[in-house]
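Note: hydrogens, waters and symmetry copies are ignored here, and every other heavy atom, side chains too, is used. Computed from a prediction, not measured in an experiment: that's the story for all the values here.
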Amino acid sequence: MKPTIYDVAREAGVSIATVSKVLNNNGRISDKTRDKVNQVMEELNYQPSLVASALTSRRTGTIGLMIPDIANPFFAETARGIEDYAQQQGSDLIVCSTDRDDEKAARYTSLLLRKRVDGLIIASHTGKTDMIRRLLADRVPLVLFSAEIRSLESSSVTVDDYKGGYQATEYLLSLGHRKLGIISDNLPGSKLRAEGFLDALRDADVPFDNPANLTHTSATLENGRRAAAAMLGQAEELRPTAIFACNDLLAIGVLKEARSAGLSIPRDLSVVGFDNTVLAEICHPTLTSIAQPLREMTEQAMILLNESIDNPDSPRRKIMLMPELVIRHSTGPAPEDQP
């Protein structure tokens, strides 16, 4: 049978209350007694019950993270960053990939609540705000990550997606490109990135009058290839000389399709991605991308979540961080501007 708290107390020669204080790191206990209890727990290989701890401390030391797609490097890196910060504070992380499915998100939410997680970080946007609204009404500590729902008073950590889209487009325009395409995914941040793209063109008096150069699709490498094939298959006077993809997965799909079509990157086509994931550094050619300050974003998300866990009535805070253009080898002058 597994050792119990009673076994630890008996072997250490202390009361059950003393063992509980050591486990919860509270109360006034001498270092000698604390060391003795910890030694006995190690010798007995005692593992405290999370459920029992939750009943006394109201915390289980677990955090739930919901992401839309674990195969997307941005969200895989997000999970890693949040896990690192969670472990630093002694918490465990449960990661759920929802595949952007509202019903799946609802099932995972129910599962995480049954496991009595201390709080939730939700990076998987759901079109149904009712679920988030109910969680907030039930005072479940939560933070929205890389997306916010403006109609709800919830804490969130985002990047300025609009500025990132504007920045990417402004850079391509500075290289002389005037025929641009954009591939956007279905996440809410991409809508803002597309708005930044269109406004940058408008501010530069560059017309965007070919609807075929604007594509909405889900964020997969294959969808990036398909969208690029459609754009690059147009007559030469219509096809873009530069494509802005709203995440790196789509952008790398564009690179693959361009090579298959016999185009040289960046001589014939420039490509900019978004997220600056590890893929941007290891693909060929390396990908110019808009970087999200992911390390700072995950740290801020954990800070906001801990505030909400410690005090459910604390004011909700929305944090927006700035993106940064990282120039690599997938971008160059427009073909007509090349020597």
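- Other residues, nucleotides and ligands place more than 12 heavy atoms under 6.0 Å from the NZ atom of Lys104.
- Listed here is the closest heavy atom pair of Met231 and Ala212: CG-O, 3.6 Å.
- Lys318 NZ: more than 12 foreign heavy atoms inside a 6.0 Å radius.
- Looking only at side-chain heavy atoms (C-beta outward), Arg295 and Tyr85 come within less than 4.5 Å of each other.
- When atom types are taken as modelled, the side chain of Asn38 and the backbone of Arg34 share a donor-acceptor pair closer than 3.5 angstrom.
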Working for side chain to side chain donor-acceptor pair (under 3.5 Å), residues Gln234 and Asn213: CA-CA 10 Å; Gln234 300 177 93; Asn213 286 336; 2.8 Å; yes
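- Summarising the geometry, atom CG belonging to Asn247 is positioned 5.5 Å from atom CG belonging to Asn72; distances are rounded to the nearest 0.5 Å.
- Leu93 and Ala79 make their closest contact through CD2-O, 3.7 Å (heavy atoms, listed as atom of the first residue, atom of the second, distance).
- Counting non-hydrogen atoms of neighbouring residues, nucleotides and ligands closer than 6.0 angstrom, the CZ atom of Arg80 reaches no more than 12 such neighbours.
- Counting only heavy atoms from C-beta outward, the side chains of Thr60 and Lys115 never approach each other to under 4.5 Å.
- Test Arg328, His329, Glu281 against Thr286 for side-chain hydrogen bond (donor to acceptor under 3.5 Å, both in side chains) and you get one pass: His329.
- One hydrophobic cluster holds both Ile290 and Leu180 under the rule that ILVMFWY side chains link at heavy-atom gaps under 4.5 Å.
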Chi angles and distances behind the side chain to side chain contact (heavy atoms under 4.5 Å, CB included) call for Leu198, Glu195: CA-CA 5 Å; Leu198 294 171; Glu195 288 179 6; 6.0 Å; no
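- To the nearest 0.5 Å, the span separating OG on Ser97 from CG on Leu65 amounts to 9.5 Å.
- Note on Tyr162: it does not cluster hydrophobically with Ile319, by side-chain heavy-atom contacts below 4.5 Å among ILVMFWY residues.
- Two residues are said to be in side-chain contact when any heavy atoms from C-beta on lie closer than 4.5 Å; Arg202 and Phe208 fail this criterion.
- A continuous path of hydrophobic side-chain contacts links Phe274 to Leu173 [ILVMFWY only; heavy atoms under 4.5 Å].
- Here the shortest heavy-atom pairing between Val143 and Ala301 reads CG2-O, 3.8 Å.
- For Glu237, the CD atom counts as densely surrounded, since its 6.0 Å shell holds more than 12 non-hydrogen atoms of other residues, nucleotides or ligands.
- Side-chain atoms of Asp248 come within 3.5 Å of backbone atoms of Asn276 as a donor-acceptor pair (strictly under, hydrogens ignored).
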Residues Val14, Lys36; criterion side chain to side chain contact (heavy atoms under 4.5 Å, CB included); working and verdict: CA-CA 9 Å; Val14 298; Lys36 176 64 176 177; 5.9 Å; no
Trace of the side chain to side chain donor-acceptor pair (under 3.5 Å) decision for Asp101 with Thr98: CA-CA 6 Å; Asp101 184 312; Thr98 67; over 6 Å; no
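- A donor-acceptor pair is defined here as one N or O able to donate and one able to accept, closer than 3.5 Å; such a pair exists between the side chain of Arg259 and the backbone of His284.
- Put simply, the side chain of Ile182 reaches to within 4.5 Å of the side chain of Cys246, judged on heavy atoms.
- Glu77 places a side-chain N or O within donor-acceptor distance of the main-chain N or O of Val278, the cut-off being under 3.5 Å.
- The minimum heavy-atom distance linking Phe145 with Leu294 is given by the pair CZ-CD1, 3.9 Å.
- Asp69 places a side-chain N or O within donor-acceptor distance of the main-chain N or O of Ala71, the cut-off being under 3.5 Å.
- Remark: side-chain polar atoms of Ser184 are not paired, donor with acceptor, to backbone N or O of His216 under 3.5 angstrom.
- Within a 6.0 Å radius of CG in Asp138, more than 12 heavy atoms belonging to other residues, nucleotides or ligands are found.
- Nearest heavy-atom pair across Ala258 and Leu269 is CB-CD2, 3.9 Å.
- The line from OG1 of Thr78 to CE of Met297 is 7.0 Å long, rounded to the nearest 0.5 Å.
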Check against side chain to side chain contact (heavy atoms under 4.5 Å, CB included), Leu112 and Thr109: CA-CA 5 Å; Leu112 292 169; Thr109 302; 5.8 Å; no
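- By the 4.5 Å heavy-atom criterion applied to side chains, Ile121 and Met302 are counted as neighbours.
- For the atom pair CZ of Arg100 and CD1 of Ile67, the computed distance is 10.5 Å after rounding to the nearest 0.5 Å.
- Using a 4.5 Å heavy-atom cutoff, the side chains of Phe197 and Leu214 are not in contact.
- From Ser91, atom OG reaches atom CG of Asn306 across 7.0 Å, with rounding to the nearest 0.5 Å.
- Here the side chains of Leu249 and Thr220 are not in contact, with every heavy-atom distance at 4.5 Å or above.
- The neighbour count for Glu42 CD, taken as heavy atoms of other residues, nucleotides or ligands under 6.0 Å away, does not exceed 12.
- Looking only at side-chain heavy atoms (C-beta outward), Leu325 and Glu170 stay at 4.5 Å or farther from each other.
- Partner Thr241 forms a side-chain hydrogen bond (donor to acceptor under 3.5 Å, both in side chains) with one of Lys179, Arg178, His177 and no other, that one being His177.
- To the nearest 0.5 Å, the span separating CG on Leu44 from CD on Glu11 amounts to 6.0 Å.
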Derivation and outcome, salt bridge (Lys or Arg N to Asp or Glu O under 4.0 Å), residues Arg139 and Asp313: CA-CA 8 Å; Arg139 303 178 72 200; Asp313 296 322; 2.8 Å; yes
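- The minimum heavy-atom distance linking Asp118 with Pro141 is given by the pair O-CG, 3.4 Å.
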Criterion side chain to side chain contact (heavy atoms under 4.5 Å, CB included) on Ile243 and Glu257, from CA distance to verdict: CA-CA 12 Å; Ile243 294 177; Glu257 182 58 33; over 6 Å; no
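- Crowding of Glu153 atom CD: a count of heavy atoms from other residues, nucleotides or ligands under 6.0 Å not exceeding 12.
- Between the side chain of Ser330 and the main chain of Pro285, no donor-acceptor pair closer than 3.5 Å is present.
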